[in-house]
Amino acid sequence: MRLLIDTNVILDMVFKRSGCDMSIELFRHIKEVGASAFITASSVTDIFYIIRKETHDTARTYVIMDNIFRLVAVLSVTDKDIKDAFGQKRESYETSTT
């Protein structure tokens with residue numbers, strides 16, 4: 001099983017926001033069942049920016065990012081991927097019919 005993890009799921013855990021227990025449980029389950037968890041390349045930059053903005057500590061942000069990379073892999077997106085997605089002309093670019 002392959003799972004795409006939303007940016008906010010990661011940030012919930014990092015900042016121990018309300019509901020973070022659900023995010024932590026998700027990653028426990030991922031590990032138990034041997035699933036693969038992914039974030040998008042754009043999520044990496046978003047997460048880094050938000051953590052650094054909140055902590056005001058670049059070195060700490062890099063440590064946190066290293067820990068995140070132990071939990072998830074990063075999906076790359078190519079020019080072809082973007083054009084193929086737009087070529088499907090769906091109502092919402094972010095949704096899938098499958």
Side-chain angles (χ1 to χ4, degrees):
M1 178 185 302
R2 296 168 40 130
L3 302 168
L4 180 62
I5 306 299
D6 184 77
T7 299
N8 285 302
V9 171
I10 301 292
L11 294 173
D12 286 348
M13 290 190 313
V14 169
F15 295 120
K16 296 177 176 59
R17 299 191 297 203
S18 176
C20 72
D21 53 326
M22 291 173 36
S23 298
I24 292 167
E25 184 58 34
L26 171 67
F27 279 99
R28 281 191 188 126
H29 184 71
I30 288 169
K31 186 174 181 177
E32 283 177 11
V33 300
S36 300
F38 298 90
I39 59 175
T40 63
S42 63
S43 287
V44 172
T45 56
D46 293 344
I47 292 166
F48 184 91
Y49 171 81
I50 293 166
I51 294 171
R52 188 179 61 185
K53 183 178 176 187
E54 292 295 316
T55 64
H56 307 285
D57 186 337
T58 302
R60 182 172 173 220
T61 301
Y62 276 104
V63 169
I64 293 168
M65 293 302 297
D66 284 339
N67 289 328
I68 292 168
F69 293 140
R70 289 188 182 108
L71 297 172
V72 298
V74 179
L75 293 174
S76 61
V77 179
T78 67
D79 179 65
K80 182 182 179 326
D81 295 329
I82 300 294
K83 289 178 181 173
D84 287 349
F86 272 97
Q88 294 177 20
K89 301 200 186 319
R90 295 189 177 143
E91 280 294 313
S92 172
Y93 178 65
E94 296 172 331
T95 60
S96 173
T97 58
T98 59

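Since we're looking at a predicted model, the values are computed, not measured. For the numbers below, each heavy atom of this structure counts, side chains included, while hydrogens, waters and symmetry mates do not.
Looking only at distances, no side-chain donor or acceptor of D66 sits under 3.5 Å from a matching main-chain atom of V63.
More than 12 non-hydrogen atoms from other residues, nucleotides or ligands lie less than 6.0 angstrom from CZ of R17. Atom OH of Y49 has 12 or fewer neighbouring heavy atoms from other residues, nucleotides or ligands inside a 6.0 Å radius. With a 6.0 Å radius and a threshold of 12 heavy atoms from other residues, nucleotides or ligands, F38 has its CZ atom above the threshold.
Here L11 contributes atom CG and D46 contributes atom CG; the two are 8.5 Å apart, rounded to the nearest 0.5 Å. Interatomic distance, CG of L75 versus OG of S42, reported as 10.0 Å (0.5 Å rounding). Here H29 contributes atom NE2 and M1 contributes atom CE; the two are 6.0 Å apart, rounded to the nearest 0.5 Å. Atom OG1 of residue T45 and atom CD1 of residue I50 lie 9.5 Å apart, to the nearest 0.5 angstrom. Separation of atoms CD1 (I10) and CG (N67) is listed at 11.0 Å; rounding is to 0.5 Å. Note: F48 CZ to I64 CD1 = 10.0 Å, rounded to the nearest 0.5 Å.
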Using side-chain contact (heavy atoms from CB on, under 4.5 Å), reason through L71 and M13 one step at a time and then give a plain yes or no. CA-CA 12 Å; L71 297 172; M13 290 190 313; 3.8 Å; yes

Step-by-step side-chain contact (heavy atoms from CB on, under 4.5 Å) determination, I39 to V74: CA-CA 5 Å; I39 59 175; V74 179; 4.3 Å; yes

Show, in sequence, the C-alpha distance, side-chain angles and deciding distance for M65 and V44, and conclude whether the side-chain contact (heavy atoms from CB on, under 4.5 Å) test is met. CA-CA 8 Å; M65 293 302 297; V44 172; 3.9 Å; yes

Check step by step if side-chain hydrogen bond (donor to acceptor under 3.5 Å, both in side chains) holds for D81 and T78. CA-CA 5 Å; D81 295 329; T78 67; 3.1 Å; yes

Apply side-chain contact (heavy atoms from CB on, under 4.5 Å) to residues I68 and I5 and explain how you reach the verdict. CA-CA 11 Å; I68 292 168; I5 306 299; over 6 Å; no

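The minimum heavy-atom distance between A37 and I30, with the atom names listed, is CB-CD1, 4.0 Å. Minimum interatomic distance between D57 and T61 (heavy atoms only, all atoms of both residues): O-OG1, 2.8 Å.
Counting heavy atoms from C-beta on, the side chains of R28 and K31 never come closer than 4.5 Å. Contact annotation: the side chain of L26 never approaches that of D12 to less than 4.5 Å [non-hydrogen atoms, C-beta and beyond].
F15 and M22 sit in two unconnected hydrophobic clusters of ILVMFWY residues. Membership requires side-chain heavy atoms under 4.5 Å apart, directly or through other members. Criterion: ILVMFWY side-chain heavy atoms under 4.5 Å apart, direct or through other members. Under it, L4 and V72 are not part of a common hydrophobic cluster.
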